Amino acid sequence: MSERSSGHEAMPPAANAPLPPGPKGVIRKLKRIRALQTEPLGYMQGVIRDFGDISYFKLGGLSSYMIGHPDLVHETLVEKARLFVRTPNQTETIARLVGKSILTTDGDFWRGQRRMMQPAFHHRRIASYADVMVRRTVRMLDGWRDGARLDAAHEMMRLALGIVSETLFGAEVSGTADRVGEAVETGQKAVTDLSMLLMPVPAWAPLPQNAAVRRARAALDAVLLPIIAERRARREDTGDLLSMLISAQDEQGGEMSDEQVRNEAMTMFLAGHETTANALAWTWYLLSQNPDAAAQLRRELDDVLGGRLPTLEDLPRLAYTERVIKESMRLYPPAWIITRMPTEDTTLGGYRCVKGAIVVMSPWVLHHDARFFPEPYRFWPDRFADANETPLSRKAYFPFGDGPHTCIGNTFAMMEARLILATVASRFELDLAPDARIETQPLIALRPRHGVPVVLRQRAPVPEPIRA
Ligand code: HEM
C-alpha cells in the first residue's frame, strides 16, 4: 500500500484533500461498468491492480470508491462507522421484503435493535441449537445413499433453511416454519432479481418481481403474525429465537411491536441460511478437489468422535474442521461485497471522500491478495493455524464484516457449519460429478452458479448406526 493511502496519516480537511486516482474518459468508464456487471470479482481485482488500494470513479451523478487494503476497510467499517452508513441500494430492496429491521436500517433505530437482539445470539443462548443442527443433518443423511448423485448446494440450502426455521420457531411449529421458508425463498429470489437490474426499480413499478415480493410478504404475514400474537399471550420462554425477540427489552423496558418482531424474524430467515449454505456448498467442492485436506479432516473426525455424532463440547477439539471452514470462506466468502456511504464529506486514506458516494470493499478481493495471503488461490486450511497467521492476514480476513455491523449471527454460523461438516464428513465422501461445471455467481451471496453436483461415497465401515 502506498504512503498516501495509509489510513493512519494526519487527516487533511476533506475539502483540501485530493481525490484518489481512477479511470478517466466516458468510454473507459462505461467499459468498466460493463465489466462490473458481467464479471464483478475480476473487475474489482483489476481496479486495485490498475489504480492502487483506493480509487475513485464518477459517472453522471454517481461517485464511487473502491478500497483494497485492510487499513482502509478498518477506517470505513470501524473507525468512522458512524459516518459511513449502509447504502440505500443495499437496504431498500431487502426492506421491501422484511421491512425496517436490524439488516435494513442504520443510526439510532438500528442501534436500539442491535442492543435488544444481541443477547439472543450470546454463546450460552445459541448453545442449545447445536442439537437441532446435528439432528436436522442426520435427517438429511437418512435420505442419502452410497453412489447416489445429488446437488450438494441444494441439499445445504434446504438443511440451513430447516435449521433456521426450527431455531427461530421451535420444533412444534416446524410445519408452519416450512411454509415460511418457502415464502422467504420466493421473496428472496425476487429481491435478488430486483437488485440485479441495471437501474433501481421503485416498489410501485408494475414488475413481476415487485408483485412476487408483495405476495411473499403477505404469505409471511398470514403465518407469522398469529404465531407472534399467540406467543406473546403465552409469555413463556420456549428457548427459540422468537421467544427472545418477543421478550427483548430496550433500556427503558420497552418491547418490540408485533410488526417489528415479524420484521426481525423474517430478517433472521433471510440473513441466516443462504450465507451458511453457500459456505458449506463451496466447502464440499474444495474438499473434493483437495484429497489430502479431506483425508486430514476425516482423520481428525475419526480421532475425536470415533464414529459418534458431534456435540457442542467436541468443537474445541475439532481444530482442523474449523480451519477448513475458515479457508473455504476465505476463498469463497459468501458475503463477497460490502458497501457504505459517507453521510458527509470526509477523508479516506487521506483522500477526499465525498458525501453520498458509494464505497465498495470486497472480502473476496482482499482474501485473494498475495500481500495478505501467500499463494492466495491455494486451499490450505493450516494457514489459519496460530503459527501461520500474521497480524496482516488476521486484519485482511473479514467474511463476517467488521465494526458495529459485524454479523450478529457469526457464532451461530460457525457452530452450524462445523457441526454439519463434522456430521456429514464422518459418514460420507462427496466426489465432484465428472460433468460438474463450477463457476462463481456473485448474487446477494456468492453462489456456485450450477450448484455442486456430487456422487456420494459412504464411508465404510460406519462405526455406529446413525441415531439422532
Ligand atoms: C457463513 C455465514 C454468514 C456470513 C458469511 C455472514 C456475513 C455477514 C456480513 C459480512 C455482515 C455485515 C454486512 C455489512 O457490514 O454490511 C452480516 C451481517 C448480518 N448477519 Fe450475517 N453472515 C452469516 C450468517 C448469519 C446468520 C446465521 C445470521 C442469523 C441467524 C446472520 C444475521 C446477520 C444480521 C442480522 C446482520 C446485520 C447485523 C447488523 O447490521 O447489525 N448472519 N453477515
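All ligand and atom numbering here is 1-based and tracks the order in the structure. Only heavy atoms go into these numbers, but all of them, side chains included; no hydrogens, no water, no symmetry mates. Since we're looking at a predicted model, the values are computed, not measured.
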Original post:
Checking R330 against F373: charged group under 6.0 Å from the ring centre and within 45 degrees of the axis?
Top reply: yes
Original post:
Among the heavy atoms of M414, does any lie under 4.0 Å from an atom of ligand 1?
Top reply: no
**OP:** For atom CZ of R82, decide whether the heavy atoms of other residues, nucleotides or ligands shown that lie under 6.0 angstrom number more than 12.
**Re:** no
**OP:** List the steps, then state whether ring pair (Phe, Tyr, Trp, His ring centres under 6.0 Å) holds for F372 with H69.
**Re:** CA-CA 9 Å; F372 317 132; H69 193 279; 5.5 Å; yes
Subject >> Options F412, F400, F84, ranked by nearest heavy atom to atom 11 (C) of ligand 1, top entry >> reply: F400
Original post:
If you draw the axis of the six-membered ring of F109, does the NZ or CZ of K100 fall within 45° of it and under 6.0 Å from the ring centre?
Top reply: yes
Subject >> D240 side chain to S243 backbone, donor-acceptor under 3.5 Å >> reply: yes
**OP:** Scan side-chain atoms only and decide if Y56 and S63 contain a donor-acceptor pair under the 3.5 Å cut-off.
**Re:** yes
Original post:
Quick one: does R340 get a heavy atom under 4.0 Å from ligand 1?
Top reply: yes
**OP:** Please work out which of C407, P399, A277, G401 has its closest non-hydrogen atom nearest to atom 31 (C) of ligand 1.
**Re:** C407
Original post:
Which bit of R114 is near ligand 1, meaning a heavy atom under 4.0 Å away: side chain, backbone, both or neither?
Top reply: side chain
Subject >> F398 and ligand 1 - part of the residue with a heavy-atom distance under 4.0 Å >> reply: neither
Subject >> Min heavy-atom dist F121 to ligand 1 below 4.0 Å >> reply: yes
**OP:** Select one of side chain, backbone, both or neither to describe which atoms of M329 lie under 4.0 Å from any atom of ligand 1, heavy atoms only.
**Re:** side chain
Original post:
Counting each atom of ligand 1 from 1 as listed, which ones have a heavy atom of L103 under 4.0 Å away?
Top reply: 36 (C), 37 (C)
Subject >> Heavy-atom proximity to atom 33 (C) of ligand 1, best of S101, P363, A271, A445 >> reply: A271
